Amino acid sequence: SHIQLCIHFSSKEESLGQGSFTRIFKGCKTDIRDGEKHVTEVLLKELDVVHKNCWESFFEAASLMSQISHKHLLLVYGVSVHGVKNIMVQEFVKYGALDLYLKRGRSVSVSWKLDVAKQLASALNFLEEKNIVHGNICAKNLLLAREGDPSQGSFPFIKLSDPGISVVMLVILDRIPWVAPEVLEAPDNMTLECDKWSFGATVWEIFNNGNAPLRGCDLEQKQQFYENFQQLPPSQWTELADLISQCMDYQAAFRPSCRSIIRQLNSLITSDKNRKMLCTFIHE
Ligand SMILES: Nc1cnc(-c2cc(N)nc3[nH]ccc23)cn1
């Protein structure tokens with residue numbers, strides 16, 4: 001549906017940085033609904049003019065997200081093809097990308113991380129039921145809407161962002177180890193199972209303070225990682241390491257279903273609760 005957007009850019013100084021091929025700005029959109037003015041904070045993703053040829057992929061990402069709505073999927077209000085600029089208008093999510101949030105050294109608990117992983121798994125389950133492939137699951141594409149404060153009993157809340165320019169456009173090697181190995185051979189081989197592989201790499205990021213897996217490796221080493229069927233360094237927590245390695249199985253068909261992933265996350269959450277209870281019991 002053609003959404004009539006009247007977007008008031010904030011000043012350019014408000015540029016929030018760079019995506020890949022995009023510049024992002026904070027802005028606000030004004031809706032007039034039943035005679036009342038509603039101003040909403042939005043994020044504006046402007047496709048670099050030089051990458052004009054990516055615009056189909058840019059809009060594919062936008063239309064993917066605007067077709068469906070789910071509490072853990074980012075809301076895309078629409079796109080503006082005003083003049084030369086291609087702009088996607090999406091909801092502004094307060095705390096931004098999860099990888100940066102974790103890198104800033106916020107100490108978050110194991111249950112916080114498991115809760116985030118479970119929210120991502122439920123978003124993936126929703127996409128799987130709609131047979132929709134996201135194609136770029138990673139901590140950078142998880143946006144934190146609520147920090148959560150377990151001492152107050154409130155939990156974090158994340159939203160999965162649009163996939164951005166498709167991995168086919170991005171230097172695929174740059175997406176190792178998030179992109180599934182089978183995609184390297186045939187980029188249009190992107191299936192639901194590929195998102196499970198990326199889910200594994202993203203959970204690994206979440207439990208490694210937002211640090212990218214294989215960070216510091218050059219492209220040669222990244223290619224070797226796949227050619228030698230390597231796995232990411234396993235967590236000390238064997239049940240977590242098992243879930244991650246199941247998702248990052250080189251045989252796509254062997255990767256667990258979303259239901260199995262959610263079941264395994266639930267048992268990790270339970271054993272974490274029991275561990276904490278035991279600790280408090282012992283300390284008392
Ligand atoms: N859909 C989105 C995407 N990114 C944000 C965001 C939030 C923030 N606090 N700092 C930022 N710095 C760059 C982006 C950003 C918000 N909403």
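Both ligands and their constituent atoms are indexed starting at 1 by order of listing. Keep in mind the model is a prediction, meaning the values are calculated, not measured.
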Notebook entry, point to check: Do the ring planes of Tyr95 and Tyr101 sit parallel (below 30°), tilted (30 to 60°) or perpendicular (above 60°)?
Noted result: perpendicular
Notebook entry, point to check: Only one of Trp178, Tyr250, Trp204, Phe254 clears ring pair (Phe, Tyr, Trp, His ring centres under 6.0 Å) with Trp197; which?
Noted result: Tyr250
Note down each nitrogen or oxygen pair, ligand 1 side and protein side, whose separation is under 3.5 Å; give only atom names and the distance to 0.1 Å.
| from | atom 1 | to | atom 2 | distance (Å) |
| --- | --- | --- | --- | --- |
| ligand 1 | 1 (N) | Gln90 | OE1 | 2.8 |
| ligand 1 | 1 (N) | Glu91 | O | 3.0 |
| ligand 1 | 9 (N) | Lys94 | O | 2.6 |
| ligand 1 | 17 (N) | Val93 | N | 2.8 |

Checklist line | Under the salt bridge (charged side-chain N to carboxylate O under 4.0 Å, His left out) test, residues paired with Lys276 that sit two or more places apart | finding: Asp272
Notebook entry, point to check: Using links of under 4.5 Å between side-chain heavy atoms of ILVMFWY residues, direct or through other members, which residues join Phe155 in one cluster?
Noted result: none
Margin query: Rounded at 0.5 Å granularity, tell me how far OG1 in Thr202 sits from CG in Asp195.
Written below: 9.5 Å
Please set out all donor-acceptor pairs under 3.5 angstrom arising from side-chain atoms of residues 127-135, sequence neighbours excluded.
| from | atom 1 | to | atom 2 | distance (Å) |
| --- | --- | --- | --- | --- |
| Glu128 | OE2 | Lys196 | NZ | 2.8 |
| His134 | ND1 | Asn136 | N | 3.0 |
| His134 | NE2 | Ser161 | O | 2.7 |

